[in-house]
Amino acid sequence: MSRPIPHNNLIERTSVLTYTLMEQLHDVLNTPSAPDDVTLGMLMGLSMFLDDQIGPFRMTQLLQAAPDIILRTDAHVTREQIDRFLPVLRAFGDKLAALTPDHFAEATTSLS
């Protein structure tokens, strides 16, 4: 028996944030010489993440909740929604900018 997904719009807010992050990442990585390669690489990376994290159980759970998710009937992200989530991405960018080589060495060591 599956657990019900809380109806606090967390799924929708997270999906808008993810879309906005991917849009910004695409702009940073995009190159005129191979724009399709960037899109395909992002798609492959996202697919690998979803395959690793979601699995069939959570996918069933998500599809059961889909009728209650606003984006299911309006599956695009508006500029207004993106603008609301840009402060979150800026904070994420600040966190990334604060990383030093020492942080990467610690992470690599802990994964070994």
Side-chain angles (χ1 to χ4, degrees):
M1 173 170 248
S2 65
R3 304 179 287 144
I5 294 179
H7 297 285
N8 61 3
N9 79 349
L10 181 59
I11 294 172
E12 183 179 356
R13 287 183 292 131
T14 304
S15 65
V16 172
L17 181 61
T18 301
Y19 175 90
T20 305
L21 176 62
M22 297 303 281
E23 180 186 63
Q24 296 299 313
L25 183 60
H26 189 274
D27 287 350
V28 169
L29 296 174
N30 199 17
T31 172
S33 62
D36 287 345
D37 288 354
V38 171
T39 301
L40 293 174
M42 290 174 66
L43 181 60
M44 185 187 310
L46 185 57
S47 297
M48 290 186 303
F49 174 80
L50 294 175
D51 184 50
D52 188 46
Q53 296 293 317
I54 292 180
F57 172 76
R58 287 195 179 122
M59 183 55 86
T60 300
Q61 185 181 10
L62 179 61
L63 290 175
Q64 288 171 347
D68 295 326
I69 300 173
I70 295 170
L71 288 178
R72 183 171 188 262
T73 57
D74 189 17
H76 69 278
V77 177
T78 65
R79 186 76 238 168
E80 180 183 330
Q81 289 171 311
I82 289 172
D83 290 344
R84 283 182 32 222
F85 284 90
L86 283 178
V88 176
L89 291 185
R90 284 190 192 101
F92 179 62
D94 291 344
K95 185 167 181 66
L96 290 177
L99 291 177
T100 64
D102 294 337
H103 288 100
F104 294 114
E106 290 170 14
T108 303
T109 305
S110 67
L111 292 175
S112 300

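Note that the structure is predicted; figures quoted are calculated from it, not measured.
Using modelled atom types, one finds no donor on one side chain facing an acceptor on the other under 3.5 Å when comparing T20 with E23.
For T39, the side chain to side chain contact (heavy atoms under 4.5 Å, CB included) partners are H26, not counting sequence neighbours. Residues meeting the side chain to side chain contact (heavy atoms under 4.5 Å, CB included) test with T31, sequence neighbours left out: S33, A34, V38. Every residue was checked against the salt bridge (charged side-chain N to carboxylate O under 4.0 Å, His left out) condition with D36, not counting sequence neighbours, and none meets it. D27 pairs by the side-chain hydrogen bond (donor to acceptor under 3.5 Å, both in side chains) definition with nothing, not counting sequence neighbours.
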Side chain to side chain contact (heavy atoms under 4.5 Å, CB included) for L21 and Q24? Distances and angles first, verdict last.
CA-CA 5 Å; L21 176 62; Q24 296 299 313; 5.5 Å; no
D83 and R79: CA distance, side-chain angles, deciding distance, side chain to side chain contact (heavy atoms under 4.5 Å, CB included) verdict
CA-CA 6 Å; D83 290 344; R79 186 76 238 168; 3.3 Å; yes
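With hydrophobic clusters built from ILVMFWY side chains whose heavy atoms lie under 4.5 angstrom apart, L40 does not share a cluster with L46. L99 and V28 fall into different hydrophobic clusters, where Ile, Leu, Val, Met, Phe, Trp and Tyr are joined by side-chain heavy atoms under 4.5 Å apart, directly or via other members.
Of the inter-residue distances, the one linking M22 atom CE with L43 atom CG reads 8.5 Å to the nearest 0.5 angstrom. Once rounded to the nearest 0.5 Å, the distance linking OG1 of T78 with CZ of R84 reads 8.0 Å.
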Which donor-acceptor pairs under 3.5 Å do side chains of residues 85-98 form with protein atoms, sequence neighbours excluded?
none

